[in-house]
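Order of the sequence lines sets the chain letters (A, B, ...), proteins ahead of strands, with each chain counted from 1.
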There are 2 protein chains.
Amino acid sequence: MGLIKSEKFTKEQNTIALFAKAFGHPARVAIIQHLFEINSCVCGDLVNQIGLAQPTISQHLKELKTLGLIKGSVEGTSVCYCIDPENWKSMKTVLFAFLNEDTINHGDCC
Amino acid sequence: MGLIKSEKFTKEQNTIALFAKAFGHPARVAIIQHLFEINSCVCGDLVNQIGLAQPTISQHLKELKTLGLIKGSVEGTSVCYCIDPENWKSMKTVLFAFLNEDTINHGDCC
DNA sequence: TTCATTAATCGTAACATTGCAATAAACAAA
DNA sequence: TTTGTTTATTGCAATGTTACGATTAATGAA
């Protein structure tokens, strides 16, 4: 049916999935990487950096913004985007806890 | 258009996105968590554990299997699934490198 | 062989995602 | 005000994802 049955899962599982989904598209990965690479805000050159149309980039930025991973501030005619350090940190805590579950239980089976 | 323009991005960015997408659904998160929790293989009770229909679970298992994160072995009438430790490890290396990019550059801006 | 059990596959409906052209909105400069 | 620049929004087409009923395949038990 195309819609996820979120009520079948725990809040934690849904949160993990939401964060993971944010990185489930290479354009959003590229945006985040570019933000870390230039080590400051990105003001306008994202469309040139990534080869997608302006409305498409805008849409990906909106998704990352809605999740709180990035924040934008208006600077004249352009908008400057950067990572939201606190939300990034808490996202990492959630994902790391999940990805590190193999270190708690390390069953060699099969 | 619904299709990702992978050719616009690096191999690394596409790999990160593929792994992240695997965890972009709570059912697949739940499957992985259950595999770690019981600390061994899961033989058949996944449909009861998670509240989705058998074909749906089978589909999610297939995705995780295609990515190499889990592996299944036939045991009589049932199939036993468990994490593939080596592929899990290399997936973690890729995702951790991405998620830890904030520790390399820690620009306070905006 | 026949029956029961379990998992995979097929087919399909409903909804989501991706991408972009066109347009609108917001602002600075002339 | 008008013009140019930049980003957001709208609308839509193409494709992908999710979910499950029905069926098939494979195996063990009777």
| said: On DNA chain D, compare the nucleotides closest to A:Ser6 and A:Val79; which residue's is nearer the 5' end? | reply: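 That would be A:Val79.
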| query | When the ring planes of A:Trp88 and A:Phe23 are compared, do they come out parallel, tilted or perpendicular, using 30° and 60° as the limits? | reply |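 A:Trp88 vs A:Phe23 ring planes: perpendicular.
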Does the side chain of [X] get closer than 4.0 angstrom to OP1 or OP2 of [N] through an N or O atom?
| X | N | result |
| --- | --- | --- |
| B:Lys5 | C:dC20 | yes |
| B:Tyr81 | C:dT6 | no |
| B:Lys8 | C:dG19 | no |
| B:His60 | D:dA19 | yes |
| B:Thr56 | D:dT18 | no |
| B:Thr77 | C:dT6 | no |
| A:Lys21 | D:dT17 | no |

Nearest-angstrom distance from the residue atom [atom1] of [X] to [atom2] of [N]:
| X | N | atom1 | atom2 | answer |
| --- | --- | --- | --- | --- |
| B:Leu3 | D:dT17 | CG | C1' | 14 Å |
| B:His25 | D:dG16 | NE2 | C1' | 13 Å |
| B:Gln54 | D:dA25 | CD | C1' | 12 Å |
| B:Leu18 | D:dT17 | CG | C1' | 15 Å |
| B:Ile57 | D:dG21 | CD1 | C1' | 16 Å |
| A:Glu63 | D:dT9 | CD | C1' | 14 Å |

| Of the listed nucleotides C:dA22, C:dA7, D:dA22, the one nearest the side chain of A:Pro55 |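 So the side chain of A:Pro55 is nearest to C:dA22.
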| request: Before accepting this row, confirm whether a basic side-chain N of the pair A:Lys92/B:Asp102 lies closer than 4.0 Å to the acidic partner's carboxylate O. | output: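 Looking at A:Lys92 and B:Asp102, the cut-off is met.
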| task | Verify the distance criterion only: is there a donor paired with an acceptor across the side chains of B:Gln13 and B:Thr10 at less than 3.5 Å? | result |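 B:Gln13 vs B:Thr10: donor-acceptor pair found between side chains.
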| query | Does the base of D:dA8 carry an N or O that pairs as donor and acceptor with the side chain of A:Gln59 under 3.5 Å? | reply |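 Answer is no: no donor-acceptor pair is held.
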| field | Side chain A:Arg28, main chain A:Ala22, donor-acceptor under 3.5 Å | value |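 Judged by distance alone, yes, a pair lies under 3.5 Å.
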| task | Select from A:Leu52 and B:Val47 the residue whose nearest nucleotide in DNA chain C is closer to the 5' end of that strand. | result |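 The residue closer to the strand's 5' end, by nearest nucleotide, is B:Val47.
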| message | On DNA chain C, compare the nucleotides closest to A:Arg28 and B:Leu61; which residue's is nearer the 5' end? | response |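 Closer to the 5' end of DNA chain C: B:Leu61.
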| Which part of the nucleic acid, if any, lies within reach of B:Ser78 when heavy atoms closer than 4.0 Å are counted: base, sugar-phosphate only, or nothing? |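 The residue B:Ser78 makes sugar-phosphate contact but no base contact.
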| side chain to side chain contact (heavy atoms under 4.5 Å, CB included) partners of A:Lys5, counting only residues at least two apart |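 A:Lys5 satisfies side chain to side chain contact (heavy atoms under 4.5 Å, CB included) with A:Glu7, A:Lys8, B:Leu52 only.
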